[in-house]
Amino acid sequence: MKKRIATPNRTKTILEQHGFSFKKSLGQNFLIDPNVLQNIVRQADLTKSSGVIEIGPGIGALTEHLAEAAGKVLAYEIDQRLLPILDKTLADHNNVHVVHKDVLEADVKEDLTTWLADVNEIAVVANLPYYVTTPILMKLLTADVPVSTYVVMMQKEVADRLTALPGTKAYGSLSIAVQYYTEAKLALTVPKSVFIPQPNVDSAVVKLTRREEPPCTVQDEKLFFEVVRASFAQRRKTLRNNLWSAYPTLKEQEQEVTGAMEREGIALSRRGESLSIEEFARLTNSVMPFL
Ligand code: SAM
């Protein structure tokens, strides 16, 4: 049986051989449990015709599993010191291309055309650097890139927000942004003990499946996300309070706006956290004429 990178001993040996020291500022918590890695990869339903984008390969723990399950892997690694290590640990896998880039700065669309051109579908599979989980996901979800599935590890608290339903504490503008583009489900929870160094927080893997169509009809997407954010600006306040502060012109037309909302069956005395995505869409569409 092949010796996996992600065993505690092999990881320690690789790190020692290269004199590697972890940078907390880059979210470097490496996985040292092959079973967890296999579970992550299983969630992505990869085949040899799949292309995978990995963000942050580290020393290649997840990458080697991806290389075996998929046709091609494109991995973004920001830390220059990891490149010579990856050259060695992934030497047997000629279907992996590691680029030395900050994924937040990268032109992902262009990179896909170069490196994942002839695959049937593309998945993002990654143990994300936790300090930039949300910017990375929002960048990829709103970029015009053909990614059908995301299987991503993040801090449990963020995973709860991504998958939250209306009426729960974790539900907010991030839940709505992610669920507008994808169907989000919590796939696995992962203990701290499978990382080196151990993070301070619990972790979870979320699976996001891109929707063919948004779950609701929105006339102006930019305004929709703006209204959602405004509605959660102060969680304990009502929609009326939050909307009136964000849009003074609505307050000036109080009677007409309240009437329009009543016709939609949305009471302005409710709090943002009680509205479904579809209700936020109706709310936005009906305040639009007053802005
Ligand atoms: N995949 C490895 C594993 O599971 O063991 C490492 C995961 S570690 C949580 C996150 C990785 O992302 C690190 O290798 C780190 O250097 C890299 N990283 C951090 N910020 C990045 C960024 N903006 N763009 C690309 N890679 C980044």
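The structure presented is a predicted model; accordingly, all values stated were derived computationally and were not measured. Counting starts at 1 for both ligands and their atoms, following the listed order.
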Just jot down the ligand 1 atoms closer than 4.0 angstrom to any heavy atom of [X], in number order.
{"X": "Asp102", "answer": "22 (C), 23 (N), 24 (N)"}
{"X": "Glu77", "answer": "13 (C), 14 (O), 15 (C), 16 (O), 17 (C), 26 (N)"}
{"X": "Phe30", "answer": "5 (O), 6 (C), 14 (O)"}
{"X": "Pro57", "answer": "1 (N), 2 (C)"}
{"X": "Gly27", "answer": "8 (S), 9 (C), 10 (C)"}
{"X": "Gln28", "answer": "13 (C), 15 (C), 16 (O)"}
{"X": "Glu54", "answer": "1 (N)"}

Taking both backbone and side-chain atoms of [X], is any N or O found less than 3.5 Å from an N or O belonging to ligand 1?
{"X": "Val103", "answer": "yes"}
{"X": "Gly56", "answer": "yes"}
{"X": "Asn127", "answer": "yes"}

What protein heavy atom is closest to [atom], reported as residue, atom name and distance in Å?
{"atom": "atom 20 (N) of ligand 1", "result": "Tyr131 OH, 2.9 Å"}
{"atom": "atom 19 (C) of ligand 1", "result": "Leu26 O, 3.1 Å"}
{"atom": "atom 5 (O) of ligand 1", "result": "Leu31 N, 2.9 Å"}

task = Would you check if Asn29 and Asn127 make a side-chain contact, meaning some heavy-atom pair closer than 4.5 Å?
result = no
query = Is the shortest heavy-atom distance from the side chain of Val125 to the side chain of Glu54 under 4.5 Å?
reply = no
task = Please check if atom NZ in Lys88 has more than 12 non-hydrogen atoms from other residues, nucleotides or ligands closer than 6.0 Å.
result = no
task = Could you name the option among Leu62, Ile78, Thr63 that has the heavy atom nearest to atom 21 (C) of ligand 1?
result = Ile78
note = The side-chain contact (heavy atoms from CB on, under 4.5 Å) partner of Glu105 among Asp107, Asp102, Val103 is Asp102
query = Under a 4.0 Å N-O cut-off, is there an ion pair linking Glu68 with Arg4?
reply = yes
task = May I ask you to decide whether Asp160 forms a salt bridge with Lys169, counting only side-chain N to carboxylate O separations under 4.0 Å?
result = no
For [X], state whether at least one heavy atom is located under 4.0 Å from any atom of ligand 1.
{"X": "Leu128", "answer": "yes"}
{"X": "Phe195", "answer": "no"}
{"X": "Lys101", "answer": "yes"}
{"X": "Asn29", "answer": "yes"}

inquiry  = Tell me whether the rings of Phe232 and Phe280 are parallel (<30°), tilted (30 to 60°) or perpendicular (>60°).
reply    = tilted
task = Indicate the ring-plane relationship of Trp115 and His97, choosing parallel, tilted or perpendicular according to the 30° and 60° boundaries.
result = parallel
task = Verify the cluster assignment for Leu137 and Val124: are they in a single hydrophobic cluster under the rule of side-chain heavy atoms below 4.5 Å apart?
result = yes
No-hydrogen, no-angle side-chain donor-acceptor test under 3.5 Å, Ser50 and Glu121 = yes
key: Rounded distance [0.5 Å steps], CD1 in Ile59 versus CD in Gln17   = 10.5 Å
